[in-house]
Amino acid sequence: MRTSIATVSLSGSLTEKLTAASRAGFDGVEIFENDLLASPLTPEEIRARCADLGLTIDLYQPMRDIEAVPEDEFARNLRRARHKFELMNRLGADTVLVCSSVSPLAADDDALAAEQLARLADLAQDFGIRVAYEALAWGRHVSTYDHAWHIVETAGHPALGTCLDSFHILSRGSDPKDIEGIADIPGEKIFFLQLADAPLLAMDVLQWSRHYRCFPGQGGFDVAGLVRSVLHTGYDGPLSLEIFNDVFRQAEAGPTAVDARRSLLVLQETVGIAAPPASVAPTGIAFAELVTPDAEPLSAVLGALGFARTARHRSKPVDLWQQGEARLLVNTGTAVRRDGTGLAAIGLESPDPTAAARRAEALLAPVLPRRRAPEDAQLDAVLAPDGTELFFCATDRPELPNWRADFEDIAQAPAPGHAARIDHLALTQPWHHFDEAALFHRSVLGLHAQESVDVADPYGLMRSRAVTTDDGSVRIALTVGAAPTDDTVHAQHIALATDDVVAAARRFAEAGGRLLPIPANYYDDLAARYEFTDGELETYRELGILYDRDAHGEFRHCYTPTIGRVFFELVQRDGGYRGYGAQNAPVRLAAQHAVRRLTGG
Ligand SMILES: O=C(O)c1ccc(O)c(O)c1
Ligand SMILES: [Mg+2]
């Protein structure tokens, strides 16, 4: 189906919006009146620009407060409409959106609304234009799609149809029976379909709509269910995104438009009208790659954690550090980013690396070159929205290209240490890519997104959302700070799983490592909340181990100092604990801020 996006969904000038929509592969746009008013281009120039960019103008919008008003007011509305229809002819736009009136002048009179909309449609018809009447959820008298349709049906005018907008419909209730009435609307009378999702918030619907809409799949509405119902009517117009969102308004239009298109591709797949290559869920973490301009501090911490340097890349300054199944690459190459130590790449074990990359590409993920140097193994890799490189790996499968083959052993694999494998990775997202990141990891990588949690930070608020495989073999916590990120505290981290966090913490301390100190008040509170065996709490207090519990089991964890933009966590999960210690995160963040103040970092 054709895809379209409202210019209000993207930031920038009209030209920037159109360019972004075209580059992301949209077929058309809804032009928002304000974008046109603010543009230095004439309507003819906008029309030509769209044509050059391969975009049709699918809708001009909105016209407000038209219907069910006293006759003299309606005469003024028709005059206004004539001006807009002339403009639309210059633009080459053939459908106008009329939203249900919010004016105090409007009467609660369906017959009058129908009669006046029919007269508006008559005028529109003279210009070759169709009128799509949409119920705003906060409309004065008309606020539901079935009410708007009833008025359109009563008017019985061929140039008058309805516009369905998933936000206005689903914000009022998303029980399947709430959308049953869509089946009663003939498909050819649905002149337009606007799609938006939103997080489930209990707030005023107008504010919710104007500030919190997001792309389908990023919120809590069953947008796919609604689209199925609409397609069932025979509707064959565009699937058009109309997103009012404070973050997208500020973010760069190019990436937002790609995020938008991806959401529609996934939606089309969900409703069965598109079939991108099937998703191939990863089965484990092959490695995490750190880049650093100075390997010394990192090597000291890795050594204290029990990692050994086991292999070296054949052609690049990259070392493999290993402990159990946990593999870390430390890259000191000149080609790497020089803005400090950080997590640059993740290797995901994939049952079919090439198929995984093909799906990623179909869902508009930037694909990286398969081979960086002639002697390297050919590896499938894509770029995540935060710039992390994701490699699809087949470790120890001789029939497939293997990243490990690029490394030459320099030592025996170390004796099994306390940290057996990578439990999870926490990736800090740029503030304007958080919703995009969750959709990306879900749709491109086939992970499941958990609920987003808010975590108090002494200087702001952190949001965190985990994306995981069903069996927990891959767990990634996507996090974002409220303010432009403070990288030293809102750092990425690598959590290492151990079955004895006390032993691992002691080993780290004995090897010269210093764990993040946790305030005594925290342990006093733990003592109030839980009963511990003799001496247990004292051990945690001494080492800086935090404790949490959920319906399934227990969690014990502690933290290393931050190096550049990354730190390590040792975690012990028992009895099927599912979380990440979010309960303790405010204490951890405060402790990291305190360390940073002390060290003047
Ligand atoms: O918020 C609004 O005013 C508004 C305008 C046009 C729309 O299509 C819509 O869904 C909302
Ligand atoms: Mg709308």
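Whatever order the structure lists ligands and atoms in, that order sets their numbers, starting from 1. Since this is a predicted model, take the numbers as computed values, not measurements.
Among the atoms of Gln61, none of the N, O or S atoms falls under 2.8 Å from the Mg ion (ligand 2).
Partner of Arg2 under the side chain to side chain contact (heavy atoms under 4.5 Å, CB included) criterion, out of Asp58, Leu239, Asp236: Asp58 alone.
Taking a heavy-atom cut-off of under 4.0 Å, ligand 1 is surrounded by Gln61, Arg64, Leu97, Glu134, Leu136, Trp138, Asp165, His168, Gln194, Arg210, Arg213, Glu242, Phe244.
Under the 6.0 Å cut-off for aromatic ring centres, His424 and His493 qualify, their centroids lying closer than that. Trp208 and Phe221 have their aromatic ring centers within a separation under 6.0 angstrom.
At the Mg ion (ligand 2), the vertex angle linking OD2 of Asp165 with OE2 of Glu134 is 90° (nearest 10 degrees).
Taking the six-membered ring where the residue is Trp, Phe85 and Phe127 present tilted rings, their angle falling between 30° and 60°. Using a 30° and 60° split on the angle between ring planes, Phe244 and Phe32 fall in the perpendicular class, above 60°.
Within Glu242, the N, O or S atom at minimum distance from the Mg ion (ligand 2) carries the name OE1.
In summary, the side chains of Glu436 and His433 do present a donor paired with an acceptor at a separation below 3.5 Å, with no hydrogens or angles considered.
With respect to the salt-bridge test (charged N to carboxylate O, under 4.0 angstrom), the residues Glu45 and Arg90 do not qualify.
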